[in-house]
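In what follows, a single structure is set out as structure tokens and then discussed.
None of the values given here were measured: they were computed from a predicted structure.
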Amino acid sequence: MTTIFFALAFWSAAPAFHTYPTVTLTVTGEKGESAKGAEVWVLGTGHRSGPMSVKGFEGWAPRDNAIVGFEGTKKTILVPPSWPDGGVIRFATGQYAGIVEIAANEYHSRIDLYSPTGNSIDVALPDLMPADFSMPFRIATTALFAWSILLLSVRASKLATRLQYFVGFAAALTGVLVWLGTAKMSAAGPVELLIVSPDMATATEPRRATAYLGTRHEYAETLPLPIDNYANQQAYHVPNTTPTVSLQPTITPLAIFNPIDIYRSREKALECNHGRPLIAEFDPKAEVGVKISTETATAFELVAPKVSTTADNSSTPARRYLVCLPYQDGLLVAWSGAHLKYGGAWTAPVGAVQRIRLDAPDTPLFVLRMSSGSSSFTPLQHIGKNEYSYPAIPSPLTHADQARRFATSLLAALCVLLLLPIFEVCKLARRYCLQAAGSCLLIVGAWMVFTVSVGWPAFFGGIDAISPFSLHGVGGMDLWYGVGYPLFVSAMINLASPELSLLLKVTVVGLAVLWVALQALNVGAKGPQVCVYLVAILAFTGTTIVSATELRDATNAVALSGFGIYVFALLTKYRATDQQLPGWHYLLLAILGAMIVLLRIDNVVFIAPLLAGFAFGRHWRHSMRACLAIAAIWASITPIVVPYVMDNYDNWQHNARLYKQTALINPLVGMLRGGSLPPTEQVALSATLGKVLNVDYSIEHWTPSDIIYWHQTNKGPGTPEDLAELQRAFVVNAMRHPVEFATLRTATALNALGMDNTAAWMVRKYIDRPFFRLSYDDQFSGKDARLKDMAILAGYRAPVHLYPTLTQNVLSWYERLALGTPQVLLAFALLFCFRRVPATSLVAVAVLLRVAVFWLLQPASVFMYLAELQILGSLLPLMAWTEWHQRSLISSNTRSLASPASGGERSAIAASVSAQSIARPNT
């Protein structure tokens, strides 16, 4: 039954391969009567609400971010087969635009692109078709998967005492169920509302409404909603005697919205009835009217009112919509400009919005939720006075949505796997002195409760913490040194709520610290000493603030620390006794390492040396092959996943260049500020930097602790050639002026590690004003009402801490004590102890390699950079002491077995060695 269930689940989620239909565009050379030309401008392919790309188009002339076909270009071109599901092709309209012919398989259509004013229209591209080999592939992979599950089930039935297999199956089952449960999950998209209320047109003064966005917990953002832009005869009521109404607008609509995701061709004649209402968007700058025709009545022309250039007297463009909706005993045809669109990848989170409250002068006839991404709409239902439910509109699943589904399933499975370390910790605690183990459990448990209570719902790091929630709501994706963190945030929200992140991180850190402490007791450490050490780590390092902070680098630090302890446990369990590592541990190493690489691409320097620890030993032939396979997975995961998740390849390349150049700028600007470069080198370096930033502005405002971004200086991101030139300048200047380069880099690193005065002393000739490490920022402790509204819209139950005063005192305490320099020095000292404590030394190597990378490429001094020093770095002394005594004990027992002794003594010694082996837990 288990095999059948898993096979059915895999079949429903098995990958299917598709092929793209052939779509061609033809410049007909024809044009409308009013057109001045017959050009065809293509702005690209993509999602309606996303960026467009013309990458892959060949045969027409490129113009900036578009291509144009005319008489001198190739007549017919092929649309590159790379559009996303539910994608569109966007054409530009204008006075010089002609007629384009679109052919897709046997379907042909001609569209007149003329418009008195420049704009654009979207044409839906055909859906992907299943490939010929897709079904045989699904059958073969499902059969292989079922056969593997059957073999594992047979093996597990013979090893009923092994808890790992039961928890592993439970984790796999949980992951599959979560995957199936999120089959229709898609991004909510921006909040988009349209109010239809013709009676408001009788007002002589412009009138406005206010929209309040709310989650299931409370209301947050308040937004102005214009309800003016009406005329006295802007609506027409069609009686029920006519089943169908024909609408003939004077210009082509920009977009057509339907109750369901059905594509309608962009013809000037539209039909509307009770079963197929519609909304059409028109250019707000153009003069437009619509002729309403029925089978029984004469045509009636409804002229659209003029609208202002902006909807809220700021920067939001006005919209103009024609609606045809069932009303009373017939249909209502009306114009409306009361449109609101809110939310974006970098503006505000909207994924948790479930309610809307309107403060309007009158009760609207209709309040509609629209979705530009899927060209659909649905009415809002009343749930109270002036309060409406905000329904979800499903949209085609994008690659980013599929990645979020997989991340949610994987995280759910890993949460189940946490039962294994919990079980091992409980087993260790029962095995030793109840007083010592109980004291450790009490200390760590009290710390976990304290951290959750003080940090709840999280230490929220401001704008950088909000942006992944914004991406989740609108279905966007950003690189962020890796796509792992936005996927992690989405998985938290999909599984439960954002607060799950705090609980999960505190649990991982608590288990790691407790396991190391109990292992020290295992090899003979004194209980009071271990307890004092635990208190010192939890009270006098940044462990608490890192565990409770909702930021990418805090999550990254917890992941690296947990992975480091996991590898240390495996090395001391299996490598110290020359045992072969079980295959399921290699699988976990591959999965966890791939997740860590996706969090930050530079994490590979941390996990690579840890993997090398498994490649050698008595079973090196087996382990070497496994380690090489894992290394190949880690090396290929980013090039495979990132382009898949970020549908827009150009946007991915743009973000990658931005982060790369940001890591190179700070020391180069510092050299220019120091003024010690020869004149020729200074001119050359200024010219190179001038391609990506304003050099004079950057020199004036430079400090070793500040990030210098291109968007601070009115310069766009550099081209690939600019980045290559910047990289050459970075290397050349580092080699020509090593002392100055090392001084600047060391000052930035020391500043990040908490040594502000030392860093200031090192660069005293460069800067004559005080500078400090960027202070830790917790928006829940601040007074910014806007950011607290953003936290509510992100899905948090409340944007305040349980104990605000205590939280502020705790943050102030930990920020003063969170130094990283002692941990770095300790890790460096452990390099010379490789023969005595090889596993701990290997972890120290991983820590130092990451420190070295940040010393070279750290863009600024930020506390959360290298935050794993607060957790893993602080545990290194106890780990080293534990491994040293463990190896000494094993060596002593081995020598005792090798020495002459009676049979009874040998049996006693063998039993002792076996007991010590059992005492070390199976990780």
Exercise. Check whether the side chains of Tyr390 and Gln381 place a donor and an acceptor atom closer than 3.5 Å, and report yes or no.
Key: no
Quiz prompt | Within-4.5 Å side-chain heavy-atom neighbours: Ile393 and Met370 | solution = no
Exercise. Would you give the length of the straight line joining atom CD1 of Ile422 to atom CG of Leu417, rounded to the nearest 0.5 angstrom?
Key: 11.0 Å
Self-check item: Test log, rule side chain to side chain contact (heavy atoms under 4.5 Å, CB included), inputs Leu358 and Thr210
Solution: CA-CA 6 Å; Leu358 294 177; Thr210 303; over 6 Å; no
Quiz item: Under a 4.5 Å cut-off applied to non-hydrogen side-chain atoms, are Leu325 and Leu278 in contact?
Solution: no
Exercise. Could you tell me whether the side chain of Thr182 and the main chain of Trp179 form a donor-acceptor pair under 3.5 Å?
Key: yes
Quiz item: Looking at residues at least two apart in the chain, or sitting in another chain, which of them share a side chain to side chain contact (heavy atoms under 4.5 Å, CB included) with Arg797?
Solution: Arg216, His217, Ser497, Glu499
Quiz item: Do the side-chain N and O atoms of Asn494 and Thr408 include a donor-acceptor pair separated by under 3.5 angstrom?
Solution: yes
Practice problem: Check the pair Val642 / Met646 against side chain to side chain contact (heavy atoms under 4.5 Å, CB included), numbers first and verdict last. | Solution: CA-CA 6 Å; Val642 173; Met646 300 184 69; 4.2 Å; yes
Practice problem: Indicate yes or no: does Arg319 engage Glu281 in a salt bridge with an N to O separation below 4.0 Å. | Solution: yes
Exercise. Examine Arg355 relative to Tyr388 and say whether NZ or CZ is less than 6.0 Å from the centre of the six-membered ring and inside a 45° cone about the ring axis.
Key: no
Quiz item: Strictly under 6.0 Å, is that where the ring centroids of Phe780 and Phe460 end up?
Solution: yes
Self-check item: Separation of Leu487 CG from Met595 CE (nearest 0.5 Å)
Solution: 9.5 Å
Quiz item: With a 4.5 Å heavy-atom cut-off, do Leu247 and Leu322 have their side chains touching?
Solution: yes
Quiz item: Where the side chain of Ser376 meets the backbone of Asn258, is there a donor-acceptor pair that is under 3.5 Å apart?
Solution: no
Quiz item: Is NZ or CZ of Arg552 both nearer than 6.0 Å to the six-membered ring centre of Tyr485 and within 45° of the ring axis?
Solution: no
Quiz prompt | Contact summary for Val88 and Ala124, nearest pair of heavy atoms | solution = CG1-CA, 3.9 Å
Self-check item: SG-CG distance between Cys324 and Leu331, expressed to the nearest 0.5 angstrom
Solution: 5.0 Å
Exercise. Could you tell me whether the side chain of His399 and the main chain of Tyr644 form a donor-acceptor pair under 3.5 Å?
Key: yes
Self-check item: Side-chain heavy atoms of Leu504 within contact of Val558, under 4.5 Å
Solution: no
Quiz item: Is any side-chain heavy atom of Met477 less than 4.5 Å from a side-chain heavy atom of Val645?
Solution: yes
Quiz item: How far does OH of Tyr659 sit from CZ of Arg600, to the nearest 0.5 angstrom?
Solution: 9.5 Å
Practice problem: Examine distances only and state if a side-chain atom of Arg404 and a backbone atom of Ser490 form a donor-acceptor pair shorter than 3.5 Å. | Solution: no
Quiz item: Between Lys505 and Thr549, is there a donor-acceptor pair closer than 3.5 Å when you use the side chain of the first and the backbone of the second?
Solution: yes
Quiz item: Can you find a heavy atom in the side chain of Val350 that is under 4.5 Å from one in the side chain of Leu793?
Solution: no
Self-check item: Nearest-0.5 Å distance, CD1 of residue Ile466 to OG of residue Ser470
Solution: 7.0 Å
Quiz item: Going through the checks in order, is the side chain to side chain contact (heavy atoms under 4.5 Å, CB included) test met by Ser336 and Leu194?
Solution: CA-CA 8 Å; Ser336 177; Leu194 180 67; 3.7 Å; yes
Quiz prompt | Value rounded to 0.5 Å, distance of CG in Asp329 from NE2 in His274 | solution = 8.0 Å
Practice problem: Please determine, by modelled atom types, if Tyr321 and His339 share a side-chain donor-acceptor pair under 3.5 angstrom. | Solution: yes
Practice problem: Check whether the side chains of Thr378 and Arg369 place a donor and an acceptor atom closer than 3.5 Å, and report yes or no. | Solution: no
Exercise. State, yes or no, whether a side-chain contact exists between Leu340 and Leu223 at a heavy-atom distance under 4.5 Å.
Key: yes
Exercise. Assert yes or no for the condition that the ring centre distance of Trp456 to Tyr803 is strictly below 6.0 Å.
Key: no
Quiz item: Above 12 or not: heavy atoms from other molecules or residues under 6.0 Å from CZ of Phe406?
Solution: no
Quiz item: Side-chain donor-acceptor pair under 3.5 Å between Ser501 and Glu550, yes or no?
Solution: yes
Quiz item: Cut-off 3.5 Å, side chains only: do Gln808 and His801 have a donor facing an acceptor?
Solution: no
Practice problem: Output, in order, the C-alpha distance, side-chain angles, deciding distance and verdict of side chain to side chain contact (heavy atoms under 4.5 Å, CB included) for Val323 and Leu332. | Solution: CA-CA 8 Å; Val323 301; Leu332 177 70; 5.6 Å; no
Quiz item: Are the side chains of Leu213 and Tyr342 in touch, meaning some heavy atoms are under 4.5 Å apart?
Solution: yes
